[in-house]
Amino acid sequence: MSEQDKILSEVTSKEYEYGFVTDIETETLPKGLSEDIVRQISALKGEPEWMLNYRLEAYRKWLTMPLPEWAHLRIPPIDFQDIIYFAAPKKEADKKSMDEVDPKLRETFDKLGIPLEEQMALAGVAVDAVMDSVSVKTTFRETLAEKGIVFCSMSEAIREYPELVRKYLGSVVPYGDNFYSALNAAVFSDGSFCYIPKGVRCPMELSTYFRINAAGTGQFERTLIVADEGAYVSYLEGCTAPMRDENQLHAAVVEIIVEKDAEVKYSTVQNWYPGDAEGRGGIYNFVTKRGICRGDNARLSWTQVETGSAITWKYPSCILKGDNSVGEFYSVALTNNYQQADTGTKMIHIGKNTRSRIVSKGISAGKSENSYRGLVKVVPAAEGARNYSQCDSLLIGDKCGAHTFPYIDCQNPSAVVEHEATTSKISDDQLFYCNQRGISTEEAVGLIVNGYAKEVLAKLPMEFAVEAQKLLSISLEGSVG
Amino acid sequence: MLKVKNLHASVDGKEILRGINCEVKAGEVHAIMGPNGSGKSTFASVLAGNEKFEVTSGEVEYDGKDLLSMSIEERAREGLFLGFQYPVEIPGVSMANFMKLAVAERRKAQGLEPLTAGGMLKYMREKAAVVELDSKLMNRAVNEGFSGGEKKKNEIFQMAMLDPRLSLLDETDSGLDIDALRIVATGVNRLRSENNATVLITHYQRLLDYIVPDYVHVLYKGRIIYSGGKELALKLEKEGYDWLIADYKE
């Protein structure tokens with residue numbers, strides 16, 4: 001083993017930083033899924049009847065749906081009756097201030113580096129933190145409320161803003177959309193809700209952190225973001241989970257509605273536990289994310305940095321309905337060891353002069369498989385639609401795979417659709433060059449990968465871009481052989 | 001500063017260096033010449049620690065240390081610099097960022113404090129001027145889209161930044177027009193001092209008009225077969241290598 005290989009293997013075996021478990025009492029429902037469980041979840045959350053009915057319809061639909069098997073993924077059979085669908089940190093009465101939140105919970109979020117308290121004011125970030133299935137605390141609500149912005153947990157939104165939730169929930173991702181969206185609609189436990197009223201520019205980044213803690217549980221969050229006419233919001237979600245040798249299911253749904261002249265930027269730094277170096281454990285991340293630019297001149301931008309999860313199945317998409325609306329997708333998906341990712345986007349051009357841009361940077365290392373899958377669809381009415389796609393793959397080592405599956409369905413002759421793709425490797429020559437300048441292999445890999453992903457990282461809010469850069473380096477170091 | 005004793009190295013089982021002996025002292029400039037395929041670039045790569053080559057026997061002492069037991073980056077941090085014949089492109093990584101890391105490592109090894117952001121900027125501008133390199137290049141990715149001349153100037157710029165003890169310049173003159181050659185040579189001359197040494201690997205006497213060496217060695221079939229003063233280069237230019245290598249042909 002050369003010195004380089006040694007360094008590499010050392011860094012690869014670097015432990016997942018967020019792999020701790022918080023010893024906290026949780027309230028769980030028994031394993032398995034049935035109509036009764038769906039009713040219990042709804043009852044535990046004190047939901048109105050319309051919500052229960054929605055869940056039940058979704059559940060019945062789910063029973064009839066087949067598992068999606070078209071992705072370039074090897075998914076071991078999942079026993080849906082062996083999953084706990086609801087787990088919550090044991091709850092007392094409603095909390096009025098941070099002091100009343102269970103100290104152990106707060107410790108967890110401190111470890112995650114989530115500044116739930118005074119730092120928040122400095123950081124200027126409003127956070128909703130979801131542990132297992134329940135939203136723990138939403139910060140900055142009052143400040144936001146002054147502007148008429150609603151930012152709260154989904155459970156609260158169902159209770160306090162039922163008319164908004166009823167209007168928009170399932171309007172972009174109907175429960176019947178796919179197997180996992182139906183499952184999510186039936187059992188989703190919490191998530192974030194955000195409403196920016198007409199003409200309001202949200203003064204701070206909104207952010208949600210998701211954390212799976214309890215063993216044997218699935219996590220099913222539901223996020224709904226509505227930007228009314230002329231509104232603007234930038235939203236970030238982050239995710240971590242403890243290290244366990246079993247696989248845990250995460251099936252979230254995110255819906256975004258962008259009205260006329262409004263803009264939403266949605267950024268994800270996904271760092272679910274990826275499993276160990278032998279491929280044991282890790283999160284199955286099966287997520288449906290979709291937004292619609294409903295009005296003219298609306299803009300929706302997805303930015304994702306995906307480094308975690310054993311398996312990722314995720315295609316944040318834009319429906320460009322309003323004329324002149326713009327959809328963007330910027331993605332860095334990194335897989336190492338035995339991770340598998342099948343991710344990409346869909347851009348559906350419906351309105352006139354709609355534009356979309358796709359920049360996807362896949363990085364595969366170890367024995368991982370990394371696929372880009374994307375659809376650009378231009379319907380006959382979408383006069384003057386324009387798309388530009390760029391899909392790059394970076395291979396590290398010779399045991400991983402990178403795949404690109406671009407689908408183009410163009411039904412309007414005035415549309416212009418462009419696709420570019422490249423595949424490259426980190427070469428020994430590049431590493432030698434860096435080493436010869438005194439830069440260690442570890443640093444060099446981080447440098448090269450961050451350089452490769454720069455175009456996407458630049459789209460993240462500043463403070464998270466720094467986080468993401470570190471994350472990329474940590475997840476990859478040691479994968480060059 | 002550098003003592004090479006009976007150095008043998010091979011690639012894929014094929015022996016390229018077959019017993020090199022030489023000594024370089026501080027303040028000296030050595031030129032290594034020789035026909036194509038004689039092992040000149042391999043010699044430089046092996047000294048820098050390129051793992052493509054396997055050292056099969058021999059010893060190399062660098063500043064009193066066992067060079068062959070040091071990693072590539074340790075050698076670099078201790079002031080061994082290799083100017084590449086074919087500088088490598090690193091897309092997306094700015095020169096400024098690249099140099100920041102490299103200089104920080106070198107300074108750490110020298111026991112110096114890291115430079116402040118402002119200090120670094122000033123230092124970079126200063127050194128870029130040595131090789132008449134446009135400091136705008138600092139914002140571009142490492143060697144990406146650089147012209148042939150810019151790449152070579154960029155190597156000497158990095159040499160200036162890293163304040164090396166021993167510089168190995170591998171065919172830094174190849175592919176340069178006469179103006180670029182003069183600039184590069186002037187840069188190297190300005191960096192010459194009592195404390196450092198330079199080994200030039202070159203095919204042509206032309207470079208040695210600008211950088212005058214103390215010694216010229218002829219490398220052939222993995223061995224130094226002849227050494228002399230600067231006049232040797234002129235003789236080689238006129239008469240070729242045949243008079244030297246005749247005895248070594250197999």
Side-chain angles (χ1 to χ4, degrees), chain A residues 1-8 10-11 330 332 359 361 363 390 392-396 420 422-459 465-466 468-469 472-473 476-477 480-481, chain B residues 44-45 47-54 68-95 97-110 140-144 151 154-155 157-159 161-164 167-168 170:
Chain A
M1 206 187 224
S2 72
E3 186 61 22
Q4 185 178 311
D5 290 338
K6 256 187 274 167
I7 298 171
L8 291 178
E10 262 171 41
V11 196
Y330 297 98
V332 175
V359 178
K361 303 268 183 181
I363 302 159
Q390 183 192 333
D392 297 332
S393 308
L394 183 70
L395 294 163
I396 299 177
E420 280 181 29
T422 66
T423 303
S424 53
K425 277 189 74 170
I426 292 189
S427 67
D428 290 346
D429 287 346
Q430 284 174 326
L431 291 177
F432 179 59
Y433 194 73
C434 292
N435 289 159
Q436 212 301 307
R437 299 300 184 248
I439 299 167
S440 68
T441 300
E442 194 177 312
E443 277 181 309
V445 173
L447 199 65
I448 294 167
V449 166
N450 277 302
Y452 165 79
K454 194 157 101 181
E455 198 180 345
V456 173
L457 297 179
K459 297 288 168 187
V466 176
Q469 277 180 19
L472 282 183
S473 302
L476 253 193
E477 280 162 2
V480 192
Chain B
S45 286
L47 290 179
N50 193 334
E51 286 164 3
K52 235 189 310 195
F53 304 96
E54 192 192 350
L68 298 178
S69 70
M70 293 159 76
S71 70
I72 309 168
E73 57 266 34
E74 274 166 4
R75 298 177 199 202
R77 290 168 192 166
E78 292 300 323
L80 188 146
F81 178 87
L82 174 63
F84 284 67
Q85 184 179 1
Y86 304 107
V88 181
E89 298 185 0
I90 309 178
V93 178
S94 71
M95 267 311 294
N97 223 347
F98 184 68
M99 274 293 102
K100 203 170 75 187
L101 272 176
V103 168
E105 293 293 355
R106 175 72 180 122
R107 288 181 69 89
K108 200 160 51 176
Q110 289 174 302
R140 300 225 324 247
V142 179
N143 291 320
E144 202 185 28
K151 280 185 183 171
N154 191 24
E155 292 296 292
F157 160 71
Q158 293 178 51
M159 173 179 157
M161 290 292 289
L162 295 170
D163 185 22
S167 302
L168 312 168
D170 189 4

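Source: prediction; values computed, not measured.
Using a 4.5 Å heavy-atom threshold, the side chains of B:Ile72 and B:Glu51 count as touching.
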Fill in: Pair A:Ile396-A:Val449, side-chain contact (heavy atoms from CB on, under 4.5 Å): steps then yes or no
CA-CA 10 Å; A:Ile396 299 177; A:Val449 166; 4.2 Å; yes
Item to complete: Decide yes or no on side-chain contact (heavy atoms from CB on, under 4.5 Å) for B:Gln110 and B:Arg106, but give the supporting numbers first.
Response: CA-CA 6 Å; B:Gln110 289 174 302; B:Arg106 175 72 180 122; 3.3 Å; yes
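Checked by atom type and distance alone, the side chain of B:Glu73 never pairs as donor or acceptor with a backbone atom of A:Ser440 at under 3.5 Å. In this structure, the side chain of B:Arg75 engages the main chain of B:Leu47 through a donor-acceptor pair within 3.5 Å. At distances below 3.5 Å, at least one donor-acceptor pair connects side-chain atoms of B:Asn143 with backbone N or O atoms of B:Val88.
Neither the backbone nor the side chain of B:Pro164 comes within contact range of chain A; no heavy atoms are under 4.5 Å apart. Proximity to chain A is limited to the side chain of B:Leu162, based on heavy atoms less than 4.5 angstrom apart. Using a 4.5 Å cut-off between heavy atoms, B:Glu78 does not touch chain A at all. In this structure, chain B has heavy atoms under 4.5 Å from both the backbone and the side chain of A:Tyr433. The part of B:Val142 that comes within reach of chain A is its side chain, from C-beta onward, which places non-hydrogen atoms under 4.5 angstrom from that chain. For B:Phe98, the parts sitting under 4.5 Å from any heavy atom of chain A are the backbone and the side chain alike. Neither the backbone nor the side chain of B:Lys108 comes within less than 4.5 Å of any heavy atom in chain A.
Between chain B and the residues A:Arg437, A:Lys454, A:Gln430, the most heavy-atom pairs under 4.5 angstrom are made by A:Arg437. Comparing B:Asn97, B:Leu82, B:Val103, B:Leu80 by heavy-atom pairs within less than 4.5 Å of chain A, the highest count is held by B:Leu82. Between chain A and the residues B:Ala48, B:Ala102, B:Ser45, the most heavy-atom pairs under 4.5 angstrom are made by B:Ala102.
By the neighbour-count criterion of 12 heavy atoms within 6.0 Å, atom CZ of B:Phe53 is densely surrounded, having more than that number from other residues, nucleotides or ligands.
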